[in-house]
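The shown structure was predicted, so the numbers you read here are calculated from the model rather than taken from an experiment. In what follows, chains are A, B, ... by sequence order, proteins preceding strands, each numbered from 1.
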Number of protein chains: 2
Amino acid sequence: MNRVREYRKKQKLSQFSLAEKVGVARQTINLIENDKYNPSLNLCISIAKVLGTDLNTLFWEVEDNES
Amino acid sequence: MNRVREYRKKQKLSQFSLAEKVGVARQTINLIENDKYNPSLNLCISIAKVLGTDLNTLFWEVEDNES
DNA sequence: ACTTTTTGTCATATATAATTGACACTTTTA
DNA sequence: TAAAAGTGTCAATTATATATGACAAAAAGT
């Protein structure tokens, strides 16, 4: 699970307005938030910049090594 | 410019052996290293894991704000 | 010098990311 | 409570990521 929705809401953006700022279709944002597919790196970077964050924060799953 | 080549060499891997470990064609690694296209997020994550690093290190350009 | 490995690149084919338009349902706001 | 905005999803299309096979040239190893 990525954290796009969480950071989008922090910025008070709708899927539609985020899509506009990023320059993609609204459906693309929706699919990414719901982990329905595999976005391109450039798209991930654009989203991260618009949301004022970075790739690791949005897309890097920290595996917990606690037993 | 990404840092895949740099981290691949740190691990003493050829493009071919990295491609094998990641499970893609060698050409795909070559194209990524030479910034010829836009890989998918899942592929970036696989590469980062095989190279023992993370998304930001390999693919996040730090813009220098020094004047 | 020769051989083997590695890299860059081409051309063609396939899988899938991303677009567009639409509709139903939910949530917010007037 | 009605209108508007936001979300999930479907189907069809287009753009492009990735695969496969191949070849030349450079680099590394013997």
Check the distance between C/dT5's P and B/Leu18's CG and give it to me in whole angstrom.
18 Å
N/O to N/O distances under 3.5 Å, protein versus nucleotides 8-10 of chain D:
from  : atom 1 : to      : atom 2 : distance (Å)
D/dG8 : OP1    : A/Arg5  : NH2    : 2.9
D/dG8 : OP2    : A/Arg5  : NH2    : 3.0
D/dG8 : OP2    : A/Gln15 : NE2    : 2.7
D/dG8 : OP2    : A/Asn30 : ND2    : 3.1
D/dG8 : N7     : A/Arg26 : NH1    : 3.3
D/dG8 : O6     : A/Arg26 : NH2    : 2.8
D/dT9 : OP2    : A/Lys36 : NZ     : 3.0
D/dT9 : O4     : A/Arg26 : NH2    : 3.4

Under 3.5 Å, side chain of B/Asn34 to main-chain N/O of B/Lys36, donor-acceptor pair present?
no
A/Val24-A/Val4 co-clustered via ILVMFWY side chain contacts under 4.5 Å:
yes
Between protein and nucleic acid, restricted to nucleotides 26-30 of chain C and to nitrogen or oxygen atoms under 3.5 Å apart, what atom pairs and distances do you find?
none

With the criterion being N/O to N/O and under 3.5 Å, what pairs connect the protein with nucleotides 3-5 of chain D, and how long is each?
none

Calculate the interatomic distance between B/Lys12 atom NZ and D/dA28 atom P; express it in whole Å.
12 Å
Mind calculating the distance between CD (B/Glu20) and P (C/dT5) to the nearest angstrom?
13 Å
In whole Å, I'd like the distance from the CD1 atom of B/Ile32 to the C1' atom of D/dT16.
14 Å
Min side-chain heavy-atom separation A/Ile29-A/Phe16 under 4.5 Å:
no
Please report how far the helix from C/dA1-D/dT30 to C/dA30-D/dT1 bends, comparing the axis fitted to its first five pairs with the axis fitted to its last five, to the nearest 10 degrees.
60°
I need the B/Arg3 CZ to B/Lys9 NZ distance, nearest 0.5 Å.
14.5 Å
Nearest atoms (heavy-atom pairs only) where A/Leu51 meets A/Gln11
O-NE2, 3.2 Å
Heavy-atom side-chain proximity of B/Ile32 to A/Leu41 below 4.5 angstrom
no
Would you compute the distance between atom NZ of B/Lys12 and atom CG of B/Leu18 and round it to the nearest 0.5 angstrom?
15.0 Å
Minimum heavy-atom distance between A/Lys21 and A/Leu13, given as atom pair plus value:
CE-CD2, 3.7 Å
All N/O donor-acceptor pairs, side-chain side in residues 42-50 of chain B, below 3.5 Å, sequence neighbours left out:
from    : atom 1 : to      : atom 2 : distance (Å)
B/Asn42 : ND2    : A/Asn38 : OD1    : 3.4
B/Ser46 : OG     : B/Asn42 : O      : 3.1

Smallest heavy-atom separation, B/Asn30 atom then B/Gln15 atom, equals ND2-OE1, 3.2 Å
Go through residues 40-50 of chain A and report each residue with a non-hydrogen atom lying under 4.0 Å from DNA chain C, sorted by number.
A/Ser40, A/Leu43
Nearest 0.5 angstrom please: B/Phe59 CZ to B/Thr53 OG1, how far?
9.5 Å
4.5 Å side-chain heavy-atom contact, B/Leu55 and A/Leu58:
no
Whole angstrom is fine here: how far is it from CZ in B/Phe16 over to P in C/dG8?
16 Å
Any B/Thr28 side-chain nitrogen or oxygen under 4.0 Å from OP1 or OP2 of D/dA17
no
